[in-house]
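Report on the structure given below.
Whatever order the structure lists ligands and atoms in, that order sets their numbers, starting from 1.
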Amino acid sequence: MIGSKLQRRSVRKDSLRIEALVVPPLENNVFIVYEDGSDEALVIDVAMGSSQILQRLKELGLRASLIVNTHGHTDHTVEDENLRNATGAKLAIHELDAYRLAVSDEAAVSLGISPRPIEPDIQLADGQELNIGQSTRLKVLHTPGHTEGSICLYEERTRQLFSGDTLFANGYGRVDGMGSDPKAMIRSLKKLLELSEDTDVYPGHGRFTTIGEERPWLEEMLSTKKGRT
Ligand SMILES: [Zn+2]
Ligand SMILES: [Zn+2]
């Protein structure tokens, strides 16, 4: 329908497939990543999208083997347990954000939601690789700042970056919350700037972008911050 907001997008990069859905509570972007010729899928963040994700997995004939949280904020993790129970997928989060699955945070309070405490199956560390299908490898890039254990997932072969709440189109995640660290955010953004210009960026909220598109304001901001003590 003309004028209606597109809530789902399918991206194809070589044999890699990305299904992007926009779900509540805060217009979270959630992703199903899979490869042609394989029925195995990885889900990035769930937010309140567990039923939409399940439906889409079914339509595509996929089974989720792994759920990865880009970080532990409740708006991203609130329905992790629903999806884990429904699919039998393992749940993964960076080791430094794992505790967040068992505590309430600012997001939960402001949204008036209180999910049950849960435990991850897998605790991730920087440099670890998550394989899907024959040739898709998502590398864990530890990018603290928004939270201690925020990560981005980078697929090197096709240059796709899932940036969570670290990098957005024309902005970056808040660094004033519990466990935030503005200096760590600067280091993390510098790390992302090392990726090639044509890297596609899929943030946790808002429109998709590329490293090249974000480079001008990022470089300007980083050079100003460098001058400060
Ligand atoms: Zn967040
Ligand atoms: Zn968020």
| message | Aromatic contact between His94 and His142, with the criterion being ring centroids under 6.0 Å apart: yes or no? | response | yes
| What N, O or S atom of His73 is found closest to the Zn ion (ligand 1)? | ND1
| Is His76 close enough that one of its N/O/S atoms sits under 2.8 Å from the Zn ion (ligand 2)? | yes
| What do you reckon, is CD of Glu59 surrounded by more than 12 foreign heavy atoms closer than 6.0 Å? | yes
| request: Could you label the plane-to-plane angle of the Trp217 and Tyr172 rings as parallel, tilted or perpendicular, counting under 30° as parallel and over 60° as perpendicular? | output: parallel
| query | So, is His205 placed with an N/O/S atom under 2.8 Å from the Zn ion (ligand 2), counting both backbone and side chain? | reply | yes
| Of Leu42, Ile53, Leu91, which meets side-chain contact (heavy atoms from CB on, under 4.5 Å) against Ile67? | Leu91
| task | Quick one: the OD2 of Asp165, the Zn ion (ligand 1), NE2 of His146 angle, rounded to 10°, please. | result | 90°
